[in-house]
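Step one of this worksheet: look at the structure below.
Chain identifiers are assigned alphabetically (A, B, ...) following the order of the sequence lines, protein sequences preceding nucleic acid strands; residue numbering begins at 1 within each chain.
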There are 2 protein chains.
Amino acid sequence: MAESEVEGRDRELHQVAADRLASIDQRYTRGRRELVGALERATNPLTVEQILLTATSVPQSSAYRNLVVLEDAAIVHRIVTSDDYARFELTEDLTEHHHHIICSECGNVVDFTLPGAVESEVDKALNAAARKIGFSGDHHRLDLVGTCADCL
Amino acid sequence: MAESEVEGRDRELHQVAADRLASIDQRYTRGRRELVGALERATNPLTVEQILLTATSVPQSSAYRNLVVLEDAAIVHRIVTSDDYARFELTEDLTEHHHHIICSECGNVVDFTLPGAVESEVDKALNAAARKIGFSGDHHRLDLVGTCADCL
DNA sequence: CTCAGTGCAAAGGATTTGCATGCCG
DNA sequence: CGGCATGCAAATCCTTTGCACTGAG
């Protein structure tokens with residue numbers, strides 16, 4: 001039962017990816033499938049270098065190019081820390097709303113979630129602040145910066 | 001009264017800067033004073049390019065080099081958005097705890113603050129989450145991503 | 001004098017792009 | 001077949017660095 005459930009989710013993810021790409025007139029090619037697969041397997045955001053370790057057979061330039069396409073299709077989300085490497089993860093509606101804790105020593109990023117009550121209070125406060133300064137708020141980004149166990 | 005108060009703060013800022021630099025065996029030189037001055041004048045984080053507009057007479061390479069020094073001295077804080085430019089602001093203990101709203105169109109960053117009650121709840125929740133995964137939390141970063149009035 | 005800081009120019013490095021080839025529709 | 005995606009290599013561009021010079025103590 002568990003296996004077919006996983007397979008089902010997997011099919012669903014790739015189907016959603018294909019649909020979103022189609023909606024911007026893009027194909028879901030082998031290389032793009034590999035990139036999505038690499039991110040699906042991961043439990044935290046990956047650098048391009050890390051993606052290429054898993055998505056072998058995808059050249060670096062194609063990875064960069066297709067990550068842009070996948071970002072445009074709202075399948076992949078790019079995050080930037082203070083080190084020199086961009087990191088990528090599946091968008092939140094393909095996974096679930098979560099936050100990042102960033103190690104200020106090594107740049108590593110780990111996912112975590114917060115209680116729903118905290119989330120909604122934050123959203124409420126942020127939207128109020130945005131309205132006040134004439135911004136149209138889209139989403140929030142709440143990260144914790146600290147030191148991971150390895151770097152302590 | 002207001003004027004002397006501002007002058008007082010100004011002196012204080014530069015004094016603190018000098019002290020913090022001294023504590024890491026660095027001098028508070030003319031160029032560094034100019035950089036701090038540029039950031040002090042600003043009401044939001046500045047790119048190097050923007051800094052150089054105000055801190056004329058500071059060459060680009062010196063700006064980069066000294067921003068690193070000022071960062072090491074905990075006078076300046078570097079923030080990274082998804083566009084290609086790092087941005088700099090005075091550290092929070094020289095100003096006050098605040099957040100950023102980032103325009104996803106043009107990359108511009110504006111400061112705003114949240115009610116203290118929200119802040120403390122967020123901190124509490126984040127520290128709990130960090131403990132759970134073996135991180136030592138340092139500070140949080142709560143940004144809102146949206147579209148600024150100019151880009152709407 | 002000495003040595004940290006400076007400034008110019010050249011290098012570095014993640015990311016982007018030009019162009020010829022191949023493959024999907 | 002026709003055009004989009006690919007992949008190699010070269011270019012881009014923010015940022016960093018080498019090195020000779022200058023000024024403060």
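- Note that CZ of A:R141 is 4.5 Å distant from CG of B:D143, once rounded to the nearest 0.5 Å.
- One finds no side-chain N or O of A:Q26 lying less than 4.0 angstrom from the OP1 or OP2 phosphate oxygen of D:dC4.
- When only modelled atom types and interatomic distance are considered, B:E92 and B:H139 share no side-chain donor-acceptor pair under 3.5 Å.
- Among the atoms of the strands shown, base atoms are found under 4.0 Å from some heavy atom of B:S62.
- Nucleic acid contact class of B:Q60 (heavy atoms, under 4.0 Å, all strands): base.
- Remark: C1' of C:dA14 and CD of A:Q50 are 15 Å apart, rounded to the nearest angstrom.
- Counting only heavy atoms from C-beta outward, the side chains of A:V16 and A:D93 never approach each other to under 4.5 Å.
- A:V48 and A:L70 fall within a single hydrophobic cluster, where Ile, Leu, Val, Met, Phe, Trp and Tyr are joined by side-chain heavy atoms under 4.5 Å apart, directly or via other members.
- Rounded to whole Å, atom C1' of C:dG5 lies 14 Å from atom CD of B:E34.
- The closest donor-acceptor contact from the side chain of A:R87 to the backbone of A:T81 lies at 3.5 Å or more, if one exists at all.
- Residue whose closest nucleotide on DNA chain D sits further toward the 5' end, between B:R78 and A:G31: A:G31.
- We find that OH of B:Y28 is positioned 17 Å from C1' of D:dA24, with the value rounded to whole Å.
- Contact check, B:R30 against C:dG7: a side-chain N or O comes under 4.0 Å of OP1 or OP2.
- Hydrophobic clustering places A:L21 together with A:I51 (ILVMFWY residues linked when any side-chain heavy atoms are closer than 4.5 Å, directly or through intermediates).
- Considering CG of B:L46 and OG1 of B:T54, their distance stands at 6.5 Å, rounded to 0.5 Å.
- Taking a pair as Watson-Crick or G-U wobble with both distances under 3.5 Å, DNA chain C forms stems of 3 or more consecutive pairs at C:1-25 with D:1-25.
- Contact annotation: A:Y64 does not reach the phosphate of C:dT16 (side-chain N/O to OP1 or OP2, under 4.0 Å).
- The CZ atom of A:R33 sits 13 Å away from the P atom of D:dA5 (whole-angstrom rounding).
- As a whole-Å value, the separation of A:L21 CG from D:dA5 C1' is 12 Å.
- Out of C:dT6, D:dG7, C:dA14, the shortest distance to the side chain of A:P59 is found at D:dG7.
- Using a 3.5 Å distance cut-off with no hydrogens or angles, the side chains of B:S57 and B:E34 do pair a donor with an acceptor.
- Straight-line distance from the CD atom of A:E49 to the C1' atom of C:dA14: 11 Å, rounded to whole Å.
- In this structure, CZ of A:R27 is placed 16 Å from P of C:dG22, rounded to the nearest angstrom.
- Put simply, the side chain of A:R20 never gets that close to the backbone of A:A73: no donor and acceptor are under 3.5 Å apart.
- The distance from atom OH of B:Y85 to atom C1' of D:dT16 is 17 Å, rounded to the nearest whole Å.
- Heavy-atom distances under 4.0 Å link DNA chain D to B:R65 of residues 65-76 of chain B, given in residue order.
- In this structure, the separation between CG on A:N127 and OG on A:S136 is 9.0 Å, given to the nearest 0.5 Å.
- Distances shorter than 4.0 Å separate none of the side-chain N or O atoms of B:R32 from OP1 or OP2 on C:dA4.
- At the heavy-atom level, A:S61 lies under 4.0 Å from base atoms of the strands shown.
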